[in-house]
Amino acid sequence: MTELYTLDRLESGNEAKIITVLDTCSIKNRLFDLGFTNGAAVRALQSDGHGSLRAYEICGTVVAVRKEDAQKVALSI
Amino acid sequence: MKAIKVTLAGNPNVGKSTVFNYLTKMNQHTGNWAGKTVGCARGFFECEMGKAEITDIPGTYSLYSISYDEDVARDAIEKGDADCTVVVCDASGLERNLILALQIMSVTRGVVVCCNLMDEAKSRGITVDTELLSEKLGVPVVGASAISGEGMDKLCEAMFYAADNPSDIRECGDKEKTALDARTIARSVTTFADSKKRERERKLDAFLTGKYTGMLGMLLLLFLVLWITVFGANKPSELLTGFLFWVGSHLRSALVSVGAPEFVVGSLVDGAYMTTAWVVGVMLPPMAIFFPLFTLLEDLGYLPRVAFNLDYIFKRCGSCGKQALTMCY
């Protein structure tokens with residue numbers, strides 16, 4: 001099984017397209033409402049320095065997502 | 001005179017309360033962080049077209065609610081008897097804002113879209129074609145900057161127009177479809193230009209939330225705020241207590257001169273009055289300095305950065321960084 005390319009692995013400063021938020025994500029609905037939808041472009045910004053939280057630019061706004069949640073967001077390569 | 005009912009809906013932190021305050025001349029607390037309004041606020045305003053009762057509801061990202069304040073919002077939109085629902089949008093983030101607008105249009109009639117923060121968006125190189133947006137959505141769209149009152153007259157007009165000629169229910173399909181529609185529409189009406197301001201914002205953010213600089217900045221600011229509070233309050237505190245004690249001594253002699261018994265003077269002046277005077281004299285000046293300073297930080301948008309910096313600590317106790325702000329209050 002190939003590993004999924006997920007949001008937490010997107011390098012800071014880079015941009016990618018979202019495929020979907022996995023069902024196992026506890027804040028799936030929230031992320032969806034914030035614009036983490038199929039086809040949306042997301043850019044990774046700075047991390048909080050402890051690796052537990054990172055800011056992302058999506059839909060013209062900056063939102064912070066924790067690592068364990070970012071691991072549940074699938075990106076297209 | 002005609003009277004209509006209007007509901008103000010929208011994503012968190014798009015300036016709903018600012019629109020509300022401008023129209024009603026009321027003074028709802030506004031703040032630059034998501035979730036400032038948790039209950040519904042009600043107010044009235046009048047313009048040439050008639051009277052309106054306007055309800056400001058908590059910001060919500062979606063009608064499929066997950067938190068209490070979003071429940072409040074959904075109920076107000078779906079079960080309310082408003083003649084017109086104004087969806088306030090942030091012009092800088094139309095793609096996300098339109099998801100809610102489309103959802104609302106699928107459950108209620110008489111929708112008006114208010115594209116707020118237009119000048120803020122403009123300064124960041126983002127322009128929105130409101131006419132084209134109105135065409136695509138099939139509802140009136142008003143561009144506005146509520147803080148300066150720009151576009152508010154047009155918004156009033158649009159509200160009364162929408163109450164008389166309500167737009168039809170627009171099927172929005174499932175969530176995925178709605179999101180896709182929102183993106184397609186937002187992209188077609190928005191133009192982005194390079195902006196130095198966005199670049200600056202990003203650099204500032206990187207500093208304020210940097211691994212070391214973030215913490216350092218936070219501690220420095222905390223120290224500065226406390227220092228200003230403590231030292232700034234010294235003199236006013238002294239003057240205030242002096243004044244209150246002076247009033248107290250006169251109060252005492254007045255009571256004594258009318259022949260009040262010792263225990264009355266003791267309990268009223270030494271007990272009730274002096275205690276209150278002490279508390280007010282010592283507490284009021286620092287509070288009168290601290291809270292405005294805190295409000296300033298809030299309006300600058302610094303608080304979400306604090307939440308970001310502190311999240312990893314709060315996460316350990318099963319909470320989140322936003323909790324830090326509640327603890328400040």
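Note that the coordinates shown come from a computational prediction; the quantities given were computed from them, not determined experimentally. Per chain, numbering begins at 1; letters A, B, ... match sequence-line order.
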Heavy-atom nearest pair, A/Arg30 first then B/Tyr61, reads NH1-CD1, 2.8 Å

Just to verify, what does B/Lys315 make a side chain to side chain donor-acceptor pair (under 3.5 Å) with, not counting sequence neighbours?
A/Glu68

Option that, when pairs with chain A are counted at under 4.5 Å, heavy atom only, ranks first among B/Tyr312, B/Phe192, B/Tyr212:
B/Tyr312

By a 4.5 Å heavy-atom criterion (distance strictly below it), what part of A/Ile27 contacts chain B: side chain, backbone, both, or neither?
neither

Is it the side chain or the backbone of B/Arg96 that comes within 4.5 Å of chain A heavy atoms, both, or neither?
both

Hey, which of A/Leu53, A/Thr37, A/Thr61 has the most heavy atom pairs under 4.5 Å with chain B?
A/Leu53

So which residues of residues 9-19 of chain A are in contact with chain B at a heavy-atom cut-off of under 4.5 Å?
none

Test your reading of the model: is there a side-chain donor-acceptor pair from B/Arg202 to the backbone of A/Leu45, 3.5 Å cut-off?
no

Rounded to the nearest 0.5 Å, what separation is found between the CG atom of B/Asp311 and the CZ atom of A/Arg54?
14.5 Å

Just to verify, what does A/Phe32 make a ring pair (Phe, Tyr, Trp, His ring centres under 6.0 Å) with, not counting sequence neighbours?
none

Correct closest heavy-atom pair for A/Ala55 and B/Phe308 would be N-CE1, 3.8 Å

With chain B, the option among A/Leu34, A/Ile58, A/Val62 that has the most non-hydrogen atom pairs under 4.5 Å is A/Leu34

Kindly compute the distance separating CZ (B/Arg183) from CG (A/Asn38), expressed to the nearest 0.5 Å.
7.0 Å

Exceeds 12 heavy-atom contacts within 6.0 angstrom, atom CD of B/Glu131:
no

Rounded to the nearest 0.5 Å, how far apart are SG of A/Cys59 and CG of B/Asn11?
10.0 Å

Taking 4.0 angstrom as the limit, do B/Lys211 and A/Asp48 come out as a salt bridge?
no

Minimal heavy-atom distance between B/Arg187 and A/Ala41, with the atoms involved, is NH2-N, 4.5 Å

Contacts of type side chain to side chain donor-acceptor pair (under 3.5 Å), residue A/Asp23, not counting sequence neighbours:
A/Lys28

Name the region of B/Asp205, side chain, backbone, both or neither, that has any atom closer than 4.5 Å to a heavy atom of chain A.
both

d(B/Leu100 CG, A/Asp33 CG) to nearest 0.5 Å is 8.5 Å

